[in-house]
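Below is one structure; the comments refer to it alone.
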Amino acid sequence: MSEIAAKETTKAPERAISKAPTRPRRRLIASRLVPYLLLQALIVIATLLGLRLLQPSDPDEFALSGFSMRQDGVTHPVTLPHFTTSRNSLDDPPLYTGTFTFRRGDAASGWSVYLPRFSNAVEVAIDGVVVLDSRRDANANRPDRNTPQIAAIPSSLLREGANEITVRLFVWGPLKGFLDTVYVGPDAALRPAYETRTLLFVTLPVVFSAWQSILAVILAIMWLMRRREPVYGVLAAAMVIGVVQAYVPPPVPPAAASRLAAVLLASAPTESALVVMFGVLFFGWRWPRSGALLFVPGIVVFVVGLIGGPPLPRILFLVLGIPTVGLCLLLMAWVTTIAVVRRQDAASFTIGCAVTIVLVCWIQDMLTVLELVNNDRIFVSRLSYSAMLVAIGAGLTWRFARALNQVDSFAGQLVTRVREAEERLKASFVREEERARAAALANERTRLMRDLHDGLGGQLVSIVALSERGHEGATITDAARAALKDLRLVIDSMDDIGGDLMLALGSWRERASAQLRPHDITLDWRVATVQGLPLHPELRPWHVIQIVRILDEAVTNAVKHAQARHIAVTIETFDASEGPCGLISVTDDGRGFAPAGHGEAGRTGQTARGLRNMRNRAARCGAVLDLRSDASGTRVRLQLPQRFPDSDAAAG
């Protein structure tokens with residue numbers, strides 16, 4: 001979500017530019033383009049000044065610039081630095097001959113010959129003895145490198161006074177031969193300049209190439225993990241080609257390795273095309289089909305290099321490869337300029353400035369090759385190009401790491417929001433629970449009031465009616481006792497018994513015993529299982545009232561109608577299919593009655609109504625009432641539910 005938001009945020013200024021009216025749109029573009037171009041002009045000036053000011057200095061007091069050159073059988077004087085007039089045969093390379101003066105007093109640290117720059121290879125001889133052959137160092141023979149060479153001169157070769165030095169220049173690259181000023185003198189005076197150039201033009205490119213290889217691996221892994229973002233894969237491919245170009249030495253004539261030479265010559269234009277492709281994809285645009293034309297020069301150089309001989313791919317590289325590199329740099333500069341105008345973000349500004357620096361260095365190199373500027377012939381575009389790729393790769397890796405941090409932050413925000421939602425849900429659940437508890441309490445109060453109205457209220461009305469009709473005191477006393485009994489029943493049911501119905505049944509046992517004692521009826525109380533009845537946390541007072549009233553009705557029927565002498569109450573728990581289930585049985589030895597269907601009494605009257613009430617009360621609690629009666633007595637069997645209902649089950 002964060003990447004989508006970032007892309008939407010990036011596209012917002014682009015949409016604003018595209019939807020703006022023509023005149024304000026031009027003003028908006030000009031307000032962004034002019035400062036950017038001024039900035040690039042400053043960068044161009046700073047780059048040119050840097051190239052001038054950062055030129056490595058050499059010990060001029062030991063410079064040898066006056067030479068005679070023999071080429072194609074003709075000898076003529078030349079002044080170093082010197083460009084050969086044409087490409088030469090390796091069998092008869094240009095031979096530069098000069099002299100230097102040796103003084104024994106300056107030989108304490110030994111003498112050396114130092115060549116800051118040449119192409120492609122040199123063979124240096126002192127008084128006819130070869131002291132340096134750069135063809136043995138493959139990395140020093142590449143025309144795009146600025147590798148210096150230094151060689152110690154054995155003291156036995158040096159003569160007091162004038163000595164001859166000859167330099168044979170081997171040229172096989174696409175460029176004309178070049179030999180920079182030659183320095184001969186004490187090694188202690190020449191070596192600092194040699195080490196400075198080695199640091200700038202040998203060590204630093206190796207460091208950049210090492211960084212480039214590491215970033216290529218990182219970007220390749222990122223692309224493998226995120227295939228939907230090809231920008232990482234494209235930049236990784238460009239960096240891999242650059243690393244191959246940097247570390248694989250080109251074949252040195254007369255070695256015939258045309259395939260390797262073709263790969264190396266084709267790598268530069270291909271790498272440049274990949275960088276342009278990266279720029280287009282990085283700024284969120286679609287790579288056009290016509291963009292494939294940028295890869296054509298590299299493919300042509302490669303194919304021709306595989307088929308043709310060594311000179312042809314080098315000529316094609318000069319004609320197609322180098323212009324393609326320049327074209328790609330110009331396209332990259334154009335892409336970054338458009339990105340700056342549309343996006344106005346740090347990434348487009350940074351890449352645009354880097355491209356400008358590389359473009360200036362490339363133009364500097366081209367002017368040097370064409371001999372339109374000084375004769376230093378130091379190629380800096382490759383060095384700046386590698387630095388640009390390293391900077392872009394580092395920036396891309398940093399952006400990826402920042403995206404991961406944003407994802408982590410987003411995940412943290414999600415966790416916080418989920419935790420807050422959970423807290424709100426818990427609070428809502430507590431409120432709902434309190435509301436449900438209040439509703440249950442209100443329902444409980446309503447049921448108790450209704451039960452008091454049906455029981456105690458009816459008995460009080462009966463007492464009043466008996467009093468008004470002038471009945472005897474015993475009748476009114478019985479009605480009053482019944483009312484008092486009913487009131488105690490309601491009060492006892494309000495006690496908190498914690499779901500243990502056995503506590504309520506214990507109170508009922510005391511009242512039943514007191515009721516049966518005047519009639520000489522024996523109450524046999526038996527708990528068949530150890531736990532008695534299962535605990536029911538959902539048990540409510542109105543459940544207790546219904547159960548106790550069922551038992552009261554069973555006992556009252558046994559006393560009033562069955563003329564029983566013995567009543568047995570059995571409490572037990574049995575294992576039903578869905579778990580333990582409680583069972584209460586009331587059995588008397590009275591005369592019984594003839595039940596009709598569903599256990600109804602076969603006669604009408606108060607007994608039948610009492611039995612219907614018992615069934616209704618059992619149904620309201622979710623219990624099952626089974627009533628069986630014959631001449632030997634009556635048995636009421638009440639099977640309790642495994643879970644008492646929250647509402648009146650009989651009401652549906």
Side-chain angles (χ1 to χ4, degrees), residues 1-15 208-209 211-245 267-295 298 324-325 327-359 385-407:
M1 292 181 65
S2 59
E3 291 187 3
I4 296 175
K7 290 182 178 179
E8 290 298 326
T9 305
T10 303
K11 291 179 179 179
E14 299 181 8
R15 287 198 295 265
F208 280 147
S209 298
W211 287 356
Q212 197 170 326
S213 61
I214 295 173
L215 288 174
V217 174
I218 295 174
L219 292 172
I221 294 174
M222 291 163 61
W223 173 71
L224 291 175
M225 300 301 293
R226 296 178 65 84
R227 296 288 185 89
R228 63 179 181 275
E229 294 192 25
V231 61
Y232 297 108
V234 172
L235 188 58
M239 287 190 169
V240 167
I241 293 176
V243 171
V244 171
Q245 191 179 14
S267 61
T270 305
E271 183 184 8
S272 303
L274 285 173
V275 171
V276 176
M277 187 176 182
F278 156 77
V280 173
L281 297 178
F282 178 78
F283 293 121
W285 303 323
R286 180 175 297 177
W287 177 249
R289 292 183 179 178
S290 59
L293 295 175
L294 289 178
F295 294 94
T324 301
V325 173
L327 176 63
C328 290
L329 288 174
L330 291 174
L331 289 175
M332 193 65 183
W334 173 255
V335 168
T336 52
T337 301
I338 296 177
V340 167
V341 172
R342 292 185 176 181
R343 297 161 59 100
Q344 288 284 291
D345 60 350
S348 56
F349 270 100
T350 304
I351 296 177
C353 294
V355 170
T356 300
I357 294 174
V358 177
L359 185 59
Y385 191 73
S386 298
M388 183 193 72
L389 288 183
V390 171
I392 292 175
L396 204 58
T397 307
W398 174 78
R399 193 185 75 165
F400 184 77
R402 190 182 62 175
L404 291 180
N405 290 334
Q406 290 176 349
V407 170

>> One pair to check against side-chain contact (heavy atoms from CB on, under 4.5 Å): I392 and F278. What are the steps and the verdict?
In response: CA-CA 10 Å; I392 292 175; F278 156 77; 3.2 Å; yes
>> Quick check: do V244 and S267 have side-chain heavy atoms less than 4.5 Å from each other?
In response: no
>> Restricting to side-chain hydrogen bond (donor to acceptor under 3.5 Å, both in side chains), what partner residues turn up for S386, sequence neighbours left out?
In response: none
> Any side-chain heavy-atom pair from W285 and V335 closer than 4.5 angstrom?
Replying inline: yes
> Which heavy-atom pair separates L329 from L359 by the least distance, and what is that distance?
Replying inline: CB-CD1, 3.6 Å
>> So, using side-chain contact (heavy atoms from CB on, under 4.5 Å) as the criterion, who are the partners of L294 when residues are at least two apart?
In response: A273, V276, W287, L327, C328, L331
> Of all residues at least two apart in sequence or in a different chain, which pass the side-chain contact (heavy atoms from CB on, under 4.5 Å) check with A347?
Replying inline: F282, D345
Can you give each donor-acceptor pair under 3.5 Å made by side-chain atoms of residues 211-221, sequence neighbours left out, with the distance rounded to 0.1 Å?
unit_1 : atom_1 : unit_2 : atom_2 : d
Q212   : NE2    : M239   : O      : 3.2
S213   : OG     : S209   : O      : 3.4
S213   : OG     : A210   : O      : 2.6

>> Applying side-chain contact (heavy atoms from CB on, under 4.5 Å) to M332 and V358, what does each step give before you reach the verdict?
In response: CA-CA 11 Å; M332 193 65 183; V358 177; over 6 Å; no
> Which pairs count as salt bridge (Lys or Arg N to Asp or Glu O under 4.0 Å) when at least one residue sits in residues 269-278, sequence neighbours excluded?
Replying inline: E271-R382
> Can you tell which of T336, V231, I338 makes a side chain to side chain contact (heavy atoms under 4.5 Å, CB included) with F283?
Replying inline: T336
>> So, taking the atom named CD in Q245 and the one named OG1 in T270, what distance separates them when rounded to the nearest 0.5 Å?
In response: 9.5 Å
>> Considering only residues two or more places apart or on different chains, which pairs with a residue in residues 218-245 satisfy ring-ring contact (aromatic ring centres under 6.0 Å, His included)?
In response: Y232-F400
